[in-house]
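Below you'll find the structure, written out as C-alpha cells, and then a few comments.
So you know, we letter chains A, B, ... as the sequences are listed, proteins then strands, and number each from 1.
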Amino acid sequence: MSDEVVVLGVGLHPFGRFPEKTVEDLGREAGLAALDDAGIEFKDVETAFLGRVGGSGPPVGVGMRIFSELGQHGPPITNVELACGSSSRALMLAADSIRAGSADVAMVIGVEKMERGMLQVGGVGATNYASVMGLNVMPAAYGMMAQRHMADYGTKPEHFAQVSVKSHRNAVNNPYAQYRIAITLEEVLGARMVCDPITLYQCCPTSDGASAVILASEKFGRTRTTSPVRMRSWAGGSPMYTSGREGLGEGPTEIVARKVYERAGLGPEDIDVTQVHDAFTPGEILTIEELGYVKHGEGGPFVWEGGTEINGKFPVNTDGGLLSRGHPMGATGGAMVTEIVRQLRGEAGARQVAGAKVGLVQNAGIGGVNVMVFDK
Amino acid sequence: MGATATDGIVPLKEGLFVLPDTPDGRPQLLGVECPSCHTRFAAKRFVCLECGHRGMDECRLSSFGTIHTFTIIHQTPKGSVMEAPYAIAQVHLDDGPIVSTAIADVAGVRVGLPVEMALHDVKVDDEGRRVVAYVFKPRREGP
C-alpha cells in the first residue's frame with residue numbers, strides 16, 4: 001500500500017539528571033542519533049514536530065530552536081503539548097501527515113528538563129483552593145485508582161509493588177535508563193509511603209532527557225531499508241462524558257485501544273511486546289486490563305505471577321518504563337516508541353522479547369490517551 | 001441583620017461553598033445546574049455536558065455523598081495548609097456530581113463510606129475571625 005507509514009529511525013539522549021545541558025543540547029543529541037539510525041540527513045525531513053511540556057528552558061518556540069540546531073532548510077515546525085503524552089501525540093500528527101501524502105519524511109523530537117520533587121498539578125506552591133487544600137498531588141490520582149481497584153477486586157499492595165520490582169530489573173539492561181539498579185519487593189513495600197498504597201519506589205522520577213523518531217512513507221522507507229518497522233495503526237482520545245456518571249464512565253484507553261485494534265485488524269492476543277504509561281505502579285495493572293490483555297480485576301494477580309515479565313505472556317515496559325527508565329514528560333512517548341522499534345528489530349539485547357513481531361504503545365497525559373500499534 | 005451561625009467565620013475562598021444557615025446545619029458546595037435538563041455539575045461551566053444548553057444556574061449541591069475512592073497522603077505538599085498524613089477522596093454527591101475533597105477521618109476512610117460536608121478551621125485572621133475550608137467527614141445519624 002502506498003499510504004503505509006514506517007519508522008525509519010529512533011534515538012535517545014539518556015534519561016537522568018544533566019544540569020550542564022540545555023533542552024537544545026538534549027534534543028539535538030537525540031535528533032542526531034535518530035538521523036544516523038535512519039540513514040538520512042536532516043534536509044530530507046519535510047515536516048517536524050516537537051513534544052514538550054514546559055519545565056526548564058525557554059517558554060516558547062523550543063521546537064524552532066532545537067530543529068534549527070540540526071539544520072535550516074525551512075521545513076514547517078510544530079510544537080505539540082499534551083502533558084506527559086506530548087511526543088506520542090506529535091508522532092500521530094506526523095504519521096497523519098505522511099498518510100495524507102503531504103510529506104514523505106517526518107521527524108518528532110520529545111524533550112524535557114524537570115525539577116526534583118513531587119509533581120503538583122498547577123505547579124509547586126500554587127495558590128488556588130485545591131492546591132492549598134492539598135488536593136492537587138499527582139500521585140494521589142493513581143493512589144485513588146489503586147484504592148478503588150483494591151475495593152472492587154481485592155488487588156493487594158504487593159501486586160502494585162511487584163510492577164516496580166519488574167520494571168527496575170528490566171532497566172538494569174537499558175543503558176539509557178535513569179535507574180539501573182534492581183530492587184526487592186521488601187524494599188519497594190518498605191519505602192516511604194507517599195499516597196496509600198503507593199510508596200516512594202512506586203513513583204517515577206522527574207528526569208531530563210530526549211527522544212527522537214523519524215517516520216517515512218513506505219515508498220521512501222524502502223530506499224533505506226528492506227524490512228522497516230511499520231506504524232500500523234494509531235488513535236488518540238480524551239475523557240468522555242457519560243450521562244449521569246460524570247467522571248465515572250469508561251476511560252479513554254479502553255475506547256482508543258478498541259479503535260486501534262479494529263483499524264489494524266488484530267486483537268490484544270496478537271500483541272507481543274507493550275509499553276504502558278506507568279508513572280505510578282497502578283498504571284501498569286489498570287492499563288493491561290483496559291487494553292484487553294486480561295479481564296478487569298485480574299491485572300494484579302497477572303503481574304504478580306509474572307505475566308508482564310520479558311518472558312511472560314504479555315511483556316510490558318521491557319526498558320524499565322517510566323518508573324525506572326525515567327519520565328522527562330515531553331520525551332516519554334518517543335522513548336516508548338524507541339523501545340518497541342528496537343524490540344521489533346531484534347536489537348534489544350538482554351531485554352529482547354523472543355520473536356516479537358507486533359508491539360503496542362499506550363501513553364497518557366492529563367486525561368488524553370494515545371495508543372499505537374507497530375509491526376514488522 | 002441579626003446574629004447568624006456564621007458570625008466571625010469567613011471562607012478560605014469566596015464563591016466555592018456557603019456556610020451553614022443554622023448552628024447544626026451543614027455547609028454546601030456551590031455548583032451549577034442546567035435550567036433545561038436539571039443535570040448538576042460541581043465545577044462551574046457554561047455549556048451543559050448532558051444536553052448542550054448554554055448558560056447554567058448557580059445551585060447549592062447536596063451536603064451528603066459517598067466515597068467513590070480515596071488515598072492517604074503522607075507528604076505535605078509545599079504551600080498546603082493540610083498536614084500529612086491526611087486523607088483525600090472523590091466523593092459522589094447524592095445529587096450527582098463527583099467532587100475532590102479532603103476527608104476529616106484518616107483512620108476511618110474507606111470506599112463506600114457515607115459522608116457529609118463539614119467546616120475545617122484553617123487559621124484565625126488578623127480580625128480574629130475563623131478562616132474555614134470544607135472537608136467531608138463520616139455521615140452522622142439524623143437529618
Side-chain angles (χ1 to χ4, degrees), chain A residues 115-155 157 160 191-200 202-203 238-249 280 282 286, chain B residues 11-17 31 37 39-43 45 47-52 67-93 95-103 106 109-113 120 122-123 131 133-135:
Chain A
E115 293 175 7
R116 286 170 185 264
M118 186 162 67
L119 273 188
Q120 290 175 238
V121 183
V124 172
T127 56
N128 62 71
Y129 184 86
S131 294
V132 171
M133 288 303 289
L135 305 176
N136 275 348
V137 177
M138 189 61 88
Y142 283 83
M144 288 198 279
M145 283 188 242
Q147 289 290 348
R148 182 74 203 195
H149 208 262
M150 290 161 73
D152 283 346
Y153 303 115
T155 308
F160 296 111
R192 178 163 61 78
M193 187 62 78
V194 177
C195 294
D196 233 322
I198 299 174
T199 60
L200 184 63
Q202 299 181 60
C203 302
S238 57
M240 194 167 78
Y241 173 75
T242 310
S243 183
R245 290 176 58 77
E246 189 193 6
L248 298 177
F280 304 91
L286 273 65
Chain B
L12 178 62
K13 186 174 178 197
E14 293 288 346
L16 278 184
F17 61 99
C37 74
T39 304
R40 291 180 162 200
F41 300 92
R45 55 180 306 118
V47 178
C48 178
L49 285 175
E50 182 69 32
C51 72
I67 292 183
H68 173 68
T69 188
F70 73 96
T71 185
I72 298 166
I73 295 178
H74 292 261
Q75 179 179 339
T76 302
K78 279 181 191 146
S80 169
V81 300
M82 301 300 286
E83 278 182 33
Y86 62 93
I88 69 171
Q90 291 177 333
V91 168
H92 197 181
L93 298 181
D95 52 352
I98 287 248
V99 295
S100 291
T101 175
I103 298 293
V106 173
V109 66
R110 62 175 170 82
V111 170
L113 182 73
H120 172 80
V122 173
K123 61 181 179 186
V131 178
Y134 68 86
V135 293

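- For the pair A/Pro282 and A/Ile198, the minimum side-chain heavy-atom distance is below 4.5 Å.
- A donor-acceptor pair under 3.5 Å links the side-chain atoms of A/Gln147 to the main chain of A/Asp196, judged by distance alone.
- Side-chain N or O atoms of B/Thr69 include one that pairs as donor or acceptor with a backbone N or O of A/Met144 at under 3.5 Å.
- Proximity of a side-chain donor or acceptor of B/Thr101 to a complementary backbone N or O of B/Val135 within less than 3.5 Å is not detected.
- For B/Tyr134, the parts lying under 4.5 angstrom from a heavy atom of chain A are both the backbone and the side chain.
- For A/Ala140, the parts lying near chain B are the backbone and the side chain together; criterion is any non-hydrogen pair under 4.5 Å.
- Not counting sequence neighbours, B/Ser80 has no partner by the side-chain hydrogen bond (donor to acceptor under 3.5 Å, both in side chains) test.
- Heavy-atom distances place the backbone of B/Ala89, and not its side chain, under 4.5 Å from chain A.
- B/Ile72 touches chain A through backbone and side chain together, each having a heavy atom under 4.5 Å away.
- With a 4.5 angstrom heavy-atom cutoff, B/Ile88 touches chain A via backbone and side-chain atoms both.
- Residue contact with chain A, scored on non-hydrogen atoms closer than 4.5 Å, involves the backbone and the side chain of B/Val81 alike.
- Considering only heavy-atom pairs separated by less than 4.5 Å from chain A, the leading option among B/Ser100, B/Ala102, B/Ala133, B/Ala87 is B/Ala133.
- Sequence neighbours left out, the pairs with a member in residues 130-153 of chain A that pass salt bridge (Lys or Arg N to Asp or Glu O under 4.0 Å) are A/Arg148-A/Asp152.
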